[in-house]
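Proteins come first, then strands; the chains are lettered A, B, ... in the order of their sequence lines, and each starts at number 1.
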2 protein chains.
Amino acid sequence: MVSQRGEGETTSTPLEAADKERARAIPEAAVARLAVYLRVLSGMAESGVTAVSSEELSQAAGVNAAKLRKDLSYIGSYGTRGVGYDVEVLVSHIERILGLTRNHSVAVVGIGNLGHALANYGGFPGRGFPVTALFDVDADLVGIPVGGIPVNHIDEITAICLEREVSIGVIATPPPAAQSVCDRLVSAGVQCILNFAPVVLQVPDNVEVRKVDLAVEMQILSFHVARRADEAVHNSNGGVSVGNNGLGVDGMVIRP
Amino acid sequence: MVSQRGEGETTSTPLEAADKERARAIPEAAVARLAVYLRVLSGMAESGVTAVSSEELSQAAGVNAAKLRKDLSYIGSYGTRGVGYDVEVLVSHIERILGLTRNHSVAVVGIGNLGHALANYGGFPGRGFPVTALFDVDADLVGIPVGGIPVNHIDEITAICLEREVSIGVIATPPPAAQSVCDRLVSAGVQCILNFAPVVLQVPDNVEVRKVDLAVEMQILSFHVARRADEAVHNSNGGVSVGNNGLGVDGMVIRP
DNA sequence: TACCGCTTGTGAACGCATGCACAAAGTCGG
DNA sequence: CCGACTTTGTGCATGCGTTCACAAGCGGTA
Ligand SMILES: NC(=O)c1ccc[n+]([C@@H]2O[C@H](COP(=O)([O-])OP(=O)(O)OC[C@H]3O[C@@H](n4cnc5c(N)ncnc54)[C@H](O)[C@@H]3O)[C@@H](O)[C@H]2O)c1
Ligand SMILES: NC(=O)c1ccc[n+]([C@@H]2O[C@H](COP(=O)([O-])OP(=O)(O)OC[C@H]3O[C@@H](n4cnc5c(N)ncnc54)[C@H](O)[C@@H]3O)[C@@H](O)[C@H]2O)c1
């Protein structure tokens with residue numbers, strides 16, 4: 001379907017249009033995996049690997065080879081039959097599809113235990129997510145630099161987020177403050193939120209929320225231990241587990 | 001189907017057997033949501049709420065009411081038609097299904113930025129996940145208490161994990177160390193691993209891995225921004241987003 | 001050039017998850 | 001006791017995601 005790119009376009013507009021028609025159709029689960037492939041491929045590129053087959057890449061990414069090929073097919077046909085994929089080419093196309101061709105400025109709200117860790121973490125800027133603003137309600141923290149960036153007071157959030165074009169807001173406040181912080185981020189024009197507080201956030205339709213809930217992760221693990229233990233009791237088979245299969249915890253966006 | 005519990009069992013064995021037959025059939029996605037329901041219900045219980053309808057609970061959990069009822073039906077029929085659910089009853093049944101009737105001892109490996117945050121976090125013990133051991137390779141850290149628990153050297157991991165019956169290992173080391181730490185945890189009998197390092201871990205079939213990859217989360221958000229921006233360009237509709245629908249980042253368990 | 005072996009890309013089948021819609025089953029008021 | 005009203009539990013249809021299997025396509029080789 002579609003494709004046949006590189007025919008005779010002068011501007012890049014038709015090409016991009018085709019890509020974005022496609023982008024809409026990429027399954028959510030595939031997007032998550034594409035990010036993983038990208039990381040693996042980046043690692044390979046750094047190690048000097050220039051070509052890779054779907055089999056090799058799928059091994060490294062921990063997925064089924066057929067699934068990997070299907071995932072890649074969502075973004076276009078950039079492989080060579082009989083040979084495999086060019087690592088650089090794949091990297092650049094995945095980056096383009098994931099919108100990583102431009103930087104996404106990140107603001108962290110709540111500079112406590114977790115906020116400190118996030119602000120100090122060096123892994124984000126390198127991947128196109130520079131942390132450009134930190135916020136907290138605690139007056140003692142305001143002005144203190146964490147990870148090289150001074151903490152601002154939460155009341156400045158709207159002005160600063162607009163000014164620095166923050167596109168991702170990270171919420172690392174205690175649960176009771178999370179919704180209010182979220183509302184402020186939204187009114188500052190932030191359309192993506194990564195929420196660490198164990199709260200279900202209410203947001204408008206045009207805002208995307210993803211949550212990371214460690215307690216939920218542990219409870220899922222707990223469930224599998226329990227299940228495995230029972231299986232071991234019922235039939236005395238070794239208790240084989242399939243691992244979590246691509247599902248995970250969700251983002252819970254309310255839509256009215 | 002099934003149910004009709006509380007008939008005439010003397011021991012609890014037949015009841016539990018029925019539950020565990022069921023447990024095997026609970027969809028992974030439903031398990032993740034059950035953990036969310038549990039959190040919401042616990043909050044309600046603390047606020048003195050004793051009964052709740054599927055409509056109310058689904059609102060609070062950010063899911064469709066029908067889905068919520070179906071999720072609850074996987075664990076049994078504990079509601080009262082025309083009335084709703086008893087909060088306490090639901091809490092105890094979800095806890096039982098998730099295996100939260102017993103504590104799950106947690107060990108954190110890699111007491112850097114993130115490890116400190118995790119060790120200091122008070123939210124785990126209260127939810128049945130006491131952190132009982134910390135490990136790091138850095139000799140300067142060994143012996144220093146973090147969150148009330150002294151850091152041990154990584155070489156002691158096997159002995160201590162066995163002794164303290166650690167059931168969940170949390171990996172918060174730099175990526176290159178993650179696989180080796182994982183292997184040590186596995187050989188210490190740990191069957192559940194929560195991995196923060198951006199690496200695909202290779203584990204035996206009987207070990208369950210879940211990963212939390214913040215860069216991947218951000219890239220998924222980035223994808224949606226890009227998609228939304230394009231939609232806005234193509235047709236000038238407001239750019240409505242569906243939010244992430246219960247999917248997320250996965251755990252990538254290799255099976256040979 | 002023609003053939004061979006290898007790997008991609010994808011049509012099609014399957015299975016799981018979601019959401020609808022309604023019967024069953026309960027409460028409450030009279 | 002009965003009938004009206006409420007809410008659960010679930011059969012069923014629909015849609016999404018995964019997996020299989022294989023034709024199409026490419027590089028290498030004679
Ligand atoms: N630390 C962890 O490992 C961990 C693990 C899982 C979940 N979480 C969750 O992450 C969140 C943060 O955890 P933490 O351990 O860093 O908590 P923390 O108490 O150490 O830090 C919270 C910070 O948020 C600030 N804050 C409070 N109200 C605010 C507001 N309205 N606006 C801006 N800042 C505000 C506080 O001043 C504090 O600095 C919590 O919701 C917690 O449940 C943390
Ligand atoms: N800090 C964050 O916010 C953040 C965000 C996303 C991902 N991560 C990931 O989490 C992991 C930890 O991040 P961090 O910022 O805490 O790193 P960090 O460098 O601050 O801490 C790593 C710790 O692990 C210890 N360590 C190294 N090798 C070890 C080994 N073999 N055994 C035991 N301990 C060992 C180090 O001594 C150090 O204390 C990394 O893989 C990072 O990519 C962190």
Side-chain angles (χ1 to χ4, degrees), chain A residues 1-5 22 24-34 37 51-59 61-87 89-90 93 242-250 252-255, chain B residues 1-5 22 24-34 37 50-59 61-87 89-90 93 242-250 252-253 255:
Chain A
M1 57 170 75
V2 194
S3 64
Q4 221 75 6
R5 85 225 91 77
R22 235 196 311 266
R24 204 176 318 189
I26 301 180
E28 186 83 12
V31 173
R33 286 191 299 267
L34 282 170
Y37 306 153
V52 68
S53 72
S54 65
E55 188 59 39
E56 292 165 330
L57 184 52
S58 71
Q59 287 282 329
V63 299
N64 182 302
K67 194 193 300 195
L68 178 131
R69 287 201 299 274
K70 176 136 293 196
D71 288 345
L72 292 181
S73 80
Y74 292 127
I75 68 173
S77 302
Y78 303 115
T80 308
R81 292 171 191 230
V83 179
Y85 301 90
D86 182 287
V87 173
V89 168
L90 224 43
H93 283 289
V242 126
N244 67 351
N245 57 358
L247 284 163
V249 146
D250 49 45
M252 303 282 147
V253 175
I254 300 276
R255 29 201 203 127
Chain B
M1 58 168 78
V2 193
S3 63
Q4 221 75 4
R5 84 223 95 75
R22 234 194 316 263
R24 203 177 318 189
I26 301 181
E28 187 82 12
V31 173
R33 286 191 299 268
L34 283 170
Y37 306 153
T50 58
V52 68
S53 73
S54 66
E55 188 58 39
E56 292 166 328
L57 184 53
S58 71
Q59 287 282 330
V63 299
N64 182 302
K67 195 193 301 195
L68 177 132
R69 287 200 299 275
K70 179 141 294 203
D71 287 345
L72 292 181
S73 80
Y74 292 126
I75 68 173
S77 304
Y78 303 114
T80 308
R81 293 172 191 228
V83 178
Y85 302 89
D86 181 287
V87 173
V89 168
L90 224 43
H93 283 288
V242 128
N244 65 352
N245 56 358
L247 283 162
V249 146
D250 47 48
M252 302 282 147
V253 175
R255 29 198 203 129

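- Protein atom CG of A:Asp71 is 10 Å distant from nucleotide atom P of D:dT19, rounded to whole Å.
- Scanning atom types as modelled, one donor and one acceptor separated by under 3.5 angstrom connect the side chain of B:Lys70 and the base of C:dG19.
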>> Counting primed atoms plus P, OP1 and OP2 as sugar-phosphate and everything else as base, spell out the protein contacts along nucleotides 21-28 of chain C at 4.0 Å heavy-atom distance: B, S or - for each nucleotide, 5' to 3'.
In response: B--BBSS-
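- For D:dT7, the OP1/OP2 oxygens have no side-chain nitrogen or oxygen of B:Ser54 closer than 4.0 Å.
- Nearest heavy-atom pair across A:Ile26 and A:Tyr74 is CG1-CB, 3.9 Å.
- Here the shortest heavy-atom pairing between A:Leu34 and A:Asp71 reads CD2-O, 4.2 Å.
- In this structure a side-chain-to-backbone donor-acceptor pair under 3.5 Å is present from A:Glu56 to A:Ser53.
- Closest approach to the A:Ser73 side chain among C:dG19, D:dT19, C:dT10 is made by C:dT10 (side chain taken as heavy atoms from C-beta onward).
- Shortest non-hydrogen contact noted between A:Ser54 and A:Ala65 is O-CB, 4.2 Å.
- In this structure, CD of A:Glu55 is placed 15 Å from C1' of C:dG9, rounded to the nearest angstrom.
- The interatomic distance linking B:Lys67 (NZ) with D:dT14 (C1') rounds to 14 Å, in whole Å.
- Proximity of a side-chain donor or acceptor of B:Thr80 to a complementary backbone N or O of B:Val83 within less than 3.5 Å is not detected.
- Taking each heavy atom of A:Val89 and A:Asp86 in turn, the nearest pair found is N-OD1, 3.1 Å.
- Distance CG (B:Leu34) to C1' (C:dA17): 14 Å, rounded to an integer number of Å.
- Residues B:Leu57 and B:Val52 come closest through the heavy atom pair N-CG2, 3.8 Å.
- Considering only side-chain N and O atoms, A:Tyr85 lies under 4.0 angstrom from the phosphate OP1 or OP2 of C:dG9.
- Within the 4.0 Å cut-off from OP1 or OP2 of D:dC20, at least one side-chain nitrogen or oxygen of A:Asn64 is found.
- One can place CG of B:Leu72 at 16 Å from C1' of C:dA17, the figure rounded to the nearest angstrom.
- Regarding B:Leu57, its CG atom lies at a distance of 12 Å from the P atom of D:dG9, rounded to whole Å.
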